[in-house]
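To start, the structure under review is shown below, and the notes come after it.
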Amino acid sequence: MTVSERVTCCVAGGGPAGAVVGLLLARAGVQTLVLEKHADFLRDFRGDTIHPSTLALLDELGLGEQLARLPLRHSETVSVVADDGEFTVADFRRLPGQHVLAFLPQWDFLDLLFDEARALPGFELRMRAEVTELLRRDDRVTGVSYRDAEGNEREVSAVLVIGTDGRDSTVRTAADLRPRAYGAPMDVLWFRLSRHEQDPTNLLGRFSAGHLLVMIDRGEYWQVAYLVPKDGYGPLRRAGIETLRRSIAELAPFLADRVDELAGWDDVRLLRVQVDRLRRWSRSGVLCIGDAAHAMSPIGGVGINLAVQDAVAAARILAEPLRSGHLGRRHLARVQARRTVPTVLTQWGQRAIQRRFLAPLLSGRNGGRAPVMMRLLDRHERLRVIPAWLIGRGVLPEHAPRAPRLLTDP
């Protein structure tokens, strides 16, 4: 049975972009419904990186103190270990402001944002609500169909649908918004290994000819990314889990005493890396942001940061037209215009690193020695602010819109 209801803005997807745009629109007085297909946010190996620009944004939203009470881990520097030594390549302490790179389970981050949003009038988060199709009238999107927790098909009409439902976005497919794919030379295997007190600290990378390992300090455990050539997971799996264990121990000998924690391939998650970008982010009545508009490479862990910045820009540009009932295509186009430059430049940098460093490394065409740029960054401390800025601040960081907090309105 279809049950119809009406909201001003319907957000498809309860990830970081959906949480931020939902919160900011609700704070600005826009009736907002967020539909999330999962029952909870408790899923391993999602992006857990929170960049200094996002931390500054949470301060602007008055959520800094609440965030500080959560189990944050911080990384002041990024170091890379090659066959010929260890090199420090980024130093977040050199950035203006008080924040460095932070790591937090994404479910804690989303709970913080949605708990704040739920306290606002006109906001609702609906779990186990999977968007299946867009509603249309003539050439305009007028809402969504979704499947609820009981499996019933329901409809919601909305002035605007915002797709924040990730790189396999149902919204962008239904809206016939087609991405341009740029490809990637690698896929990523994610897994956990326990962390011991005497282990290194901060974000650490280790590479050798044909291999690259990234280790994120999560306190009690390491969250590990093991890069394989594109479509290299199948051959590795056929070779057996012991092959992966042996490679990890060779790259990071301090982990050798715990690689048996990988009992089998069920302990490993595969992320198929894709880099793409929509030519158009919107049609009448619908807008895509975050991964739905531009899937990022995992290089730098900047995907969440870009998604959050998109959400802030969208809320700032769209809140008033949504409140006044005068939303037009030009407003949606302004969001894309605002966020295209940081998206294009970030992807350009990621693709250059993929082409010039990762592809030759993973194919074994070059050795495991540090390239010249890493050596320069390690040798000249002041230069380390450049990658720290690109990772931690990014191109065109956004600031919270100046909208009244409805909780404090008389």
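Each residue takes its place number in the sequence, starting with 1. Computed from heavy atoms alone, side chains included, the values below leave out hydrogens, waters and symmetry copies.
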Flag, side chain of S53 to backbone of H51, donor-acceptor distance under 3.5 Å = no
So, D148 side chain and A129 main chain: donor-acceptor pair closer than 3.5 Å or not?
-> no
Is there a side-chain contact between V159 and C9 (heavy atoms, below 4.5 Å)?
-> no
Donor-acceptor pair, R393 side chain versus P96 backbone, under 3.5 Å?
-> yes
Could you go step by step and tell me if L55 and V100 meet the side-chain contact (heavy atoms from CB on, under 4.5 Å) rule?
-> CA-CA 9 Å; L55 295 170; V100 296; over 6 Å; no
Side-chain contact test, heavy atoms from C-beta onward, threshold under 4.5 Å: evaluate it for I304 versus I50 and give yes or no.
-> no
Are E261 and Y221 close enough that some pair of their side-chain heavy atoms sits under 4.5 Å apart?
-> no
Rounded to the nearest 0.5 Å, how far apart are CG of L160 and OG1 of T142?
-> 12.0 Å
Distance, nearest 0.5 Å, that separates CZ of R334 from CZ of R338 = 9.5 Å
For W222, is the NZ or CZ atom of R195 found under 6.0 angstrom from the centre of its six-membered ring and inside 45 degrees of the ring axis?
-> yes
Would you check, one step at a time, whether the test side-chain contact (heavy atoms from CB on, under 4.5 Å) holds for L33 with R126?
-> CA-CA 7 Å; L33 170 66; R126 201 167 292 171; 3.9 Å; yes
Between W265 and L236, does a side-chain contact (heavy atoms from CB on, under 4.5 Å) hold up when you go through it step by step?
-> CA-CA 10 Å; W265 293 107; L236 178 62; 3.9 Å; yes
Go through the steps for R94 and E381 under the test salt bridge (Lys or Arg N to Asp or Glu O under 4.0 Å), then give the verdict.
-> CA-CA 9 Å; R94 292 184 171 272; E381 293 185 7; 3.5 Å; yes
After noting the C-alpha distance and the side-chain angles of L177 and R279, does the key distance pass the side-chain contact (heavy atoms from CB on, under 4.5 Å) rule?
-> CA-CA 8 Å; L177 296 170; R279 296 173 173 86; over 6 Å; no
Any donor-acceptor N/O pair, S169 side chain to D165 backbone, under 3.5 Å = no
Qualifying residues under salt bridge (Lys or Arg N to Asp or Glu O under 4.0 Å), relative to R93, sequence neighbours excluded | E76, D91
Any luck finding a side-chain donor-acceptor pair between R167 and Q274 under 3.5 Å?
-> no
Is the F191 ring parallel, tilted or perpendicular to the Y226 ring (thresholds 30°, 60°)?
-> tilted
Do other residues, nucleotides or ligands put more than 12 heavy atoms under 6.0 Å from D266 CG?
-> no
How long is the gap from CG on L271 to CH2 on W190, to the nearest 0.5 Å?
-> 8.0 Å
Taking atom CZ of R128 as the centre, does the number of heavy atoms from other residues, nucleotides or ligands within less than 6.0 Å exceed 12?
-> no
Shortest non-hydrogen contact from P229 to L362?
-> CG-O, 3.8 Å
Looking at CG of L287 and CZ of R329, how far apart are the two atoms once the value is rounded to the nearest 0.5 Å?
-> 13.5 Å
If the plane angle is over 60° it's perpendicular, under 30° parallel, otherwise tilted; pick one for H294 and W281.
-> tilted
Looking only at atom types and distance, does a side-chain atom of D267 sit under 3.5 Å from a main-chain N or O of A263, one as donor and one as acceptor?
-> yes
Heavy atoms from other residues, nucleotides or ligands near NZ of K37 exceed 12 (cutoff 6.0 Å) = no
Side chains of L113 and L58: closer than 4.5 Å at any heavy-atom pair?
-> yes
Counting heavy atoms not belonging to Q198, are there more than 12 under 6.0 Å from its CD?
-> yes
Polar side chain donor-acceptor pair, D217 to S75, under 3.5 angstrom = no
Does any N or O in the side chain of R384 come within less than 3.5 Å of the main-chain N or O of F92, such that one atom is a donor and the other an acceptor?
-> no
Identify the heavy atoms of V144 and C10 that sit nearest to each other, and give their distance.
-> CG2-SG, 3.9 Å
List the atom of L327, the atom of L332, and the distance in Å for their closest heavy-atom pair.
-> CD1-CD2, 4.3 Å
For the pair E116 and R27, find out whether any cationic side-chain nitrogen is under 4.0 Å from an anionic carboxylate oxygen.
-> yes
Salt bridge or not for E5 and R154, using N-O below 4.0 Å?
-> no
Nearest heavy-atom pair of N305 and G392: which atoms, and what distance?
-> ND2-O, 4.5 Å
Decide if atom CZ of R140 counts as having more than 12 heavy atoms of other residues, nucleotides or ligands within a radius under 6.0 Å.
-> yes
Got a salt bridge between R375 and D378, using NZ or NE/NH1/NH2 to carboxylate O under 4.0 Å?
-> no
For I299, does its backbone N or O pair with a side-chain atom of Q350 as donor and acceptor, under 3.5 Å?
-> yes
Would you say V80 and F207 make side-chain contact, with heavy atoms under 4.5 Å?
-> yes
Do side-chain atoms of T164 reach the backbone of G13 as a donor and acceptor pair under 3.5 angstrom?
-> yes
Separation between CG of D111 and CZ of R118, rounded to the nearest 0.5 Å | 7.0 Å
When you check the gap from the basic side-chain N to the acidic O, do R323 and E320 get nearer than 4.0 Å?
-> no
Considering only NZ, NE, NH1 and NH2 on the basic side and carboxylate oxygens on the acidic side, decide whether R206 and D83 come within less than 4.0 Å.
-> yes
Exercise: identify the closest heavy-atom pair between G62 and Q66 | O-NE2, 4.2 Å
Side-chain touch L25/I162, heavy atoms, less than 4.5 angstrom | yes
Do side-chain atoms of R218 reach the backbone of Q223 as a donor and acceptor pair under 3.5 angstrom?
-> no
Heavy-atom side-chain contact between T132 and E153 under 4.5 Å | yes
Verify side-chain hydrogen bond (donor to acceptor under 3.5 Å, both in side chains) between R272 and Y233, making sure each step is shown before the conclusion.
-> CA-CA 10 Å; R272 296 197 180 277; Y233 174 65; over 6 Å; no
With side chains defined as the heavy atoms from C-beta onward, is the minimum distance between P179 and R277 less than 4.5 Å?
-> no
Between Q309 (side chain) and E398 (backbone), is there a donor-acceptor pair under 3.5 Å?
-> yes
Output the distance between atom CG (D291) and atom CZ (R172), rounded to the nearest 0.5 Å.
-> 9.0 Å
If you take all heavy atoms of V156 and L135, which pair is closest and at what distance?
-> O-CD1, 3.8 Å
